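All values derive from a computational prediction rather than experimental measurement.
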Amino acid sequence: MYRLLFRVVLRRVPAETAHRAGFWLIRVAGAAGAAGLLRRWLGPRDPALRVHALGLEFPGPLGLAAGFDKDARATAGLGALGFGFVEVGTVTARAQPGNPRPRLFRLPADRALVNRMGFNNEGAVAAAARLRRRRRGSGAGPVVGVNIGKTRAVPEAEAAADYAASARAVADVADYVVVNVSSPNTPGLRDLQAADRLRPVLVAVREALDAATGSAGGSRRVPLLVKIAPDLAAQDVDAVADLAVELGLDGIIATNTTTSRDGLASSPSEVAAAGAGGLSGPPLRGAALAVLRRLRERAGDRLVLIAAGGIDTPDDAWERLAAGATLVQAYTGFIYGGPLWPRRMHAGLARRARELAERGI
């Protein structure tokens with residue numbers, strides 16, 4: 001039914017408009033008292049799916065990647081749909097409107113999206129306040145990570161302080177924090193992936209998280225990860241992995257969207273009409289998998305690797321887990337797959353796990 005709705009209605013509506021409508025329905029599901037019922041129906045329950053990582057318990061390995069719930073408004077509804085965890089953001093220290101619309105485009109022939117959103121969000125403080133209210137309320141819901149980025153107006157020389165401000169704002173409500181230096185939609189952001197530029201950012205964020213949680217009277221150490229691009233050269237992937245291990249980071253998310261348009265089935269005119277921005281979906285699969293495998297080869301089991309990029313089917317997710325990922329994330333697959341997609345994904349992964357167990361592997 002969702003495929004029919006998408007083909008007949010949703011693909012004819014501007015992508016961001018359709019997103020806002022669907023997002024509203026998810027918020028309603030989470031706020032209307034139905035979240036518990038939905039979670040019991042759609043949530044991962046098979047013990048074979050449970051994952052312990054980052055000091056946290058995940059009911060299933062599939063999470064929602066950052067970008068869908070930018071301001072932490074729908075975590076309860078998204079958890080009720082069956083995601084094992086939800087990553088909100090990207091949030092920045094200052095509220096900002098993002099890039100001009102239109103800024104989100106579909107390439108249906110590739111089941112892909114092109115976005116140039118530009119970190120539109122209401123700010124880290126506002127997102128933290130929402131998460132704080134959620135915890136004071138029912139307390140139920142998924143593991144929630146917070147993805148933080150650089151405020152567009154902040155020069156690179158002040159990037160470390162800007163990221164640290166966001167980290168302080170969310171430290172007490174984030175189950176984990178991700179430093180996003182890999183979006184192609186903020187000018188100069190990807191330059192921060194160079195190890196010498198990334199180091200001060202990661203050091204400042206780690207110090208801010210530790211200081212914030214310490215000042216709150218607790219001893220919880222907030223797990224810290226960094227999210228990188230699929231377009232990095234092999235030596236740069238190695239450099240980020242080495243830096244992450246050296247600084248004691250908890251993990252890396254591989255990967256963000258790509259600026260490449262190679263190998264698309266969509267017509268050149270459709271691709272040109274979408275314009276600049278990050279491409280997500282199945283065309284990203286090969287590049288994201290290659291980065292994941294290189295990270296695993298370089299860092300071994302010293303880092304938790306979360307795979308993202310081009311994960312559309314249970315086989316895609318299983319391939320990433322087999323390649324060394326502990327958890328997987330998706331966004332575009334959810335857009336094309338619909339509200340029951342997380343349930344189908346976890347069901348497929350559970351079947352794979354049971355098959356291996358039966359074979360004694």
**Item:** Any side-chain heavy-atom pair of Tyr176 and Leu224 under 4.5 Å
**Value:** no

**Message:** Less than 4.5 Å apart, side chain to side chain, heavy atoms only: is that true for Arg320 and Arg285?
**Reply:** yes

Does a salt bridge link [X] with [Y], judged by any charged N lying under 4.0 Å from a carboxylate O?
X: Asp316; Y: Arg111; value: no
X: Arg302; Y: Glu246; value: no
X: Arg50; Y: Glu57; value: no
X: Asp231; Y: Arg190; value: yes
X: Arg220; Y: Asp172; value: no
X: Arg94; Y: Glu122; value: no

**Message:** Quick check on the 6.0 Å ring-centre criterion: do His19 and Phe68 meet it?
**Reply:** yes

**Request:** List the atom of Thr258, the atom of Pro230, and the distance in Å for their closest heavy-atom pair.
**Result:** CB-CG, 3.7 Å

**Exercise: identify the closest heavy-atom pair between Leu232 and Val237** = CB-CG2, 3.8 Å

**Asked** Leu62 and side-chain contact (heavy atoms from CB on, under 4.5 Å): which partner among Leu327, Val51, Val328?
**Response** Val328

**Message:** The criterion is side chain to side chain donor-acceptor pair (under 3.5 Å); which residues satisfy it with Ser280, sequence neighbours excluded?
**Reply:** Thr332

**Message:** For Asp210 and Arg206: C-alpha separation, side-chain torsions, deciding distance, then whether salt bridge (charged side-chain N to carboxylate O under 4.0 Å, His left out) applies.
**Reply:** CA-CA 6 Å; Asp210 291 344; Arg206 181 72 270 166; 2.9 Å; yes

**Message:** Let me check something: do Val222 and Leu303 share a hydrophobic cluster, defined by ILVMFWY side-chain heavy atoms less than 4.5 Å apart, either directly or through other members?
**Reply:** yes

**Request:** Compute whether any side-chain donor of one residue and acceptor of the other, for Asp162 and Thr92, lie under 3.5 angstrom apart.
**Result:** no

